[in-house]
Structures are given as C-alpha cells and as structure tokens.
Amino acid sequence: MSEAAVHLLQAETPVQWHAGAWRVAEATELRIVTHTPCEMDLDGRPLPWHATDRGARVTLPFAVGRLTLTVRRTGSVQRFPIDVAPADNKLRSQLWMAMLSQLDEWLPGVIGGVEGPRQGGLALMGRDTAVAVEALLPLLPAYERALALVAAHPRTLEQHAISERPIHRARHATSGALSWISRHPREAAWLNPHADADLIGLPPLIPLDTYRDTLDHPANRYIVWQLGRIVTRLTHAADHLSKATVSDLNHSRVWRDARVTALRRAAHDMQRILRTGPLRTVRPAPANGAALLVLLDDPQYARAHRLGRRILRSGLHGTLDQSVATRPSFHLYELWCLLAVQRALAEVVGNQWKWRLYKKAKLLSLLGSGSGAVWKATHPSGRELKLLFNPRFQSLLTKSSPNKRHSITAERRPDLCITSGDRWLVLDAKYRVGQSALGDAFTSAHVYRDALRWPAHGGRPTQALLLAPRADATTSLWFEPAFAKDNGVGAVALTPGSEHSDLPHRLEQALLGNQHG
C-alpha cells in the first residue's frame, strides 16, 4: 500500500491499515488524494475530482460494513477495501449479538420489522422483502474472520483402515497382523530367513491396521453446510435487491448498489475462504452429536457457529413472501430495555410477586409502536406494579377524563413507565452515548418530567431517567444517583450482555422505596 497512488486522510485521527483493509469509523470525512485527475467511486457512488483538493472528499454514512474505493486511470483500475466500524457512541457487534440473542430467546419474532431502506427494509411490489440488514452487517466481516480461523486450524478425525502390504515390507507388528500370521502358517514362512529355498512366487500380502488424520470431521461438515446456507441467503437477497427500481427503494440508486455489492462481496469472500482452504474437500452435513460437542468445546468453532446462526436468523431470506427486515436499531434497544427493566424489577420485589405480560401481540406487530404492551406484577396482598411500553399521554386539550394520564401540552409517548402506588417513573431508552448525544437526549427527559401527569399515581413522575448503553468520562456525572435525586432527571447505564448494573438499586431508590414485600 505504500506505493499506492491513493492516500486516505481522516480529518481527526489517522486511517489505520488492518487485516488487508483501511479501518475508519462511520460518519468520518475522508480526503482522497490522487494528485492527478481520475475517475473514482465509493461502492458505486461517484466521487468528483477537485483540483483544489487534488482529489476528492467524502463523508461516510451512518452505516457499518465494507466499502470499496475504486480508482480508474488510463489502463489501470485500483480497488481499496475500507472497513467502516461503528462509531464510539454505538453498540459493538458483540453487544449487538447479546442483545439480539436475549430478545429472540425472550420473544421469538420480535426482531422483525418493516422499516425503510435506512434500516434494511424494502417495499417491493407491495411487499417487504429481506435485503441487507444494516443493523446486522457488522456480523458479516466478523463471521468471515471466524470462518478463516476455523479453516486455518480445522479439527481432524483419526480414521482406521486395513491396508494390504507385502509381508516383507511390514514395519511394525500389530495385534491384528500377528493374529493373521498365526492363522496362515504357509504365509508365515516368508518371515523365516532360512526358508528361502522353499519359497515360491511373490511374497504374500498381509493386512495391516493403518490410521490417518482426515478433515472429514462432523464439525467441519457442519461449518461447510452452514456456510453454504449463508452464501445462498446473501446471494438471494442481493439478487432481489438488484431487481428493485429506484422508485421501489424510495431512496437512491447508490444505496441499492452499495448494499448489493456488499452482499455479493461477502458471499464471494466466504466462498473463497472455503475453496482455497483445507475444507474444500469436506462434504456438507447438518450438525450431529459429535459436531455439537465440538461447537460447545472449541472456542473458534463456537464463535463461527454463533455468528453464522445469527446471520441465518437475521432475515436475509430474499423472498417476496415474508416481512423479515429488522426493526430500527434504536427500537431494538427499546425492546431490550423493556425486558431488562422487567428483570431488574423482578429482582427488586422478590419472588412473591407474580409477573404477566399483557398484549404481547403489540410487541410482535410489524406495524405500530408496540404501545399497549404491559408487564403487570401482583402481590398476594393485592398490591400492583406495572411496566408499560410506549404508553400514550393525550394532550390536556383532548383528554376525555380529568383522572386519566395526560400531557399538559402536546401528546407524548415515553418509551417506558413504571407505576407503583402513588408514585411513577419515566424511562427513556437512548441508543447513542457520549456527551453530545446524551445531552440532546436529556431534552426528552426534561419534557417528560415537566409535562406528564398521572393523577392516579401522584401526578408528576418521581424522576425521568435515560437508559443508555454506557457512561464515559465526560458523562459520568449524569449517571450518579445523587444527580437524579437532586434534579429529577438522570441516566442509568444499561448494557446488553452485562451482568453488572445498578438499575435494580436505582429503581428501588427512585420508585419502590420500602413498598416491596
């Protein structure tokens, strides 16, 4: 790359070359310097050359995955891969996996959605077809790396075979060979060095036990089988997406071409790893008991299995009969927060409270916000605790009853509300982190704290808290319990896959007090 005519310069931090590709963060402004005029495009998006920059400038979108910068000169074409990583204020792919796994285990089918092209959904002929799911694109390069590790160090299986060799060429005496010699005294004479005159013809063949290592292991068969299904899914999704017109996409041709290219490149790279590696001769087969033992025991195989399974279940079917695009990333985090908050409340109140989820279909619906779904906990004494998802607070000007919950200004819909006796609490899930993103998000916390009223539970909310994946050095003050107690608004770190959260303690302080039994 040092001899390349293209140098990518990141505005704030240098671009890094890693694992055969440039690595940059999403939404980064890149300057591409070629010194002389040429034609350039980034995954099909033309980049005009400017004399003042001696090249081109481009700002990457808020999307992750692999892009290809193509530079065309007279008689030559250069291609430079660019791996776009999630911004620092987003969840990493490992946390995405943890969040999606927990959601899928809790409520199968809840991940599905019908969002627009920005999230991977596509309206085609009146239906929603599965295409490049942007929320899961980080899993494709991660799966490629896991697959490459498996192919570099595959499991082997020791196979036994019977090989017939001339008796004088036997180099070791196995129990089977000795047993055979004892049953064939005539052939055994060939082992007597003093019986040369009595031997006639060619030396007899003796069966010998042989052992060899083979790659035809059940775990390798499963990995090849899984890879074949993934490649088929990616290819079908790319084929259907490529047939869509710009009007069908309700977006731009650049968006379509970029996703088609990403899907085809991922399928090609995965096939190349298989075709050029030692697993190319392994026949595919679903997992059996022996394969499952390896998938549980070997970290490399386990990671490839988990990533591949997640890709297969992500909705990359490419059919016209299913609505299998994922929901927006922020909505998935909101749904996961619903699950995490319910578990935190259950931890606080104890085993005497009985939980039940009402109107679950509201969460599974591909249309709508999920408003109306309610977790309800009851105590033998008759006390109740509710966790509401996206409840509606009508405007004071339009509400039908003075005792109903309402907003004193416009209609509001917070993500979560918890009610307990004469107190209630507002929780708002925010997917992005960092000072700027959370600072803007606090606008909703202030509005909910000031505008919402619930007469049956004491009027104004006790607190309005933001739920964010993590705190950092610049925002740690907002996550302190004392900050929320003094100001009525605050934030709580709620990270998928983490077992360490102060959410139960914060809920107990802010809402439940000593009411739980």
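Keep in mind that the numbers below use all heavy atoms, side chains included, and drop hydrogens, waters and symmetry copies. In this text the structure is predicted, and so the values were computed from the model without any measurement.
For Trp106, there are no side-chain hydrogen bond (donor to acceptor under 3.5 Å, both in side chains) partners at least two apart in sequence or on another chain. In this structure, Trp375 has no side-chain hydrogen bond (donor to acceptor under 3.5 Å, both in side chains) partners at least two apart in sequence or on a different chain.
Only one option out of Leu427, Leu363, Asp415 pairs with Leu338 in a side chain to side chain contact (heavy atoms under 4.5 Å, CB included); it is Leu363. Checking Ile32, Leu69, Leu30 one by one against Leu42, the side chain to side chain contact (heavy atoms under 4.5 Å, CB included) holds for a single residue, Leu69.
In this structure, Ala56 and Met40 approach most closely via the heavy-atom pair CB-CE, 3.6 Å. Residue Asn390 comes nearest to Ser371 through the heavy atom pair O-OG, 2.8 Å, listed as atom of the first residue, atom of the second, then distance. Counting all heavy atoms, side chain and backbone alike, Leu279 lies closest to Ala151 at CD1-CA, 4.3 Å. Annotation for Cys417 and Pro391: closest pair SG-CG, 3.6 Å, computed over non-hydrogen atoms. Annotation for Tyr333 and Ala468: closest pair OH-C, 3.1 Å, computed over non-hydrogen atoms. Ser444 and Leu466 get closest at one heavy-atom pair: OG-CD2, 4.2 Å.
For the pair Thr156/His217, no side-chain contact is recorded, criterion being any heavy-atom separation below 4.5 Å from C-beta on. Residues Pro218 and Leu293 are not in side-chain contact: their nearest non-hydrogen atoms beyond the backbone lie 4.5 Å or more apart. Here the side chains of Arg57 and Leu47 are not in contact, with every heavy-atom distance at 4.5 Å or above. At a threshold of 4.5 Å between non-hydrogen side-chain atoms, the residues Leu387 and Val374 do not count as touching. Looking at Cys38 and Arg73, their side chains come closer than 4.5 Å, going by heavy atoms from C-beta outward. Counting heavy atoms from C-beta outward, Leu274 and Leu147 have side chains that stay 4.5 Å or more apart. By the 4.5 Å heavy-atom criterion applied to side chains, Arg283 and Val224 are not counted as neighbours.
A salt bridge links Asp41 with Arg72: the closest approach of a Lys/Arg side-chain nitrogen to an acidic carboxylate oxygen falls below 4.0 angstrom. By the 4.0 Å N-to-carboxylate-O rule, Asp216 lies too far from Arg155 to be salt-bridged with it.
Summarising the geometry, atom CG belonging to Leu425 is positioned 9.5 Å from atom CZ belonging to Arg506; distances are rounded to the nearest 0.5 Å. With values rounded to the nearest 0.5 angstrom, Leu234 atom CG is found 6.0 Å from Leu140 atom CG. To the nearest 0.5 angstrom, Thr235 atom OG1 is 8.5 Å from Leu263 atom CG. With rounding to the nearest 0.5 angstrom, the CD atom of Gln342 is 5.0 Å from the CH2 atom of Trp355. Here CG of Leu465 is found 13.0 Å from NZ of Lys430. Values are rounded to the nearest 0.5 Å. Atom CZ of Arg412 is separated from atom CG of Asp428 by 11.5 Å, given to the nearest 0.5 angstrom.
With hydrogens and angles left out, the side-chain atoms of Trp353 and Thr378 include no donor and acceptor closer than 3.5 Å. A side-chain donor-acceptor contact under 3.5 Å links Arg265 and Thr68.
Residue pairs that meet the ring-ring contact (aromatic ring centres under 6.0 Å, His included) test with at least one member in residues 281-308, sequence neighbours left out, are Tyr222-His305.
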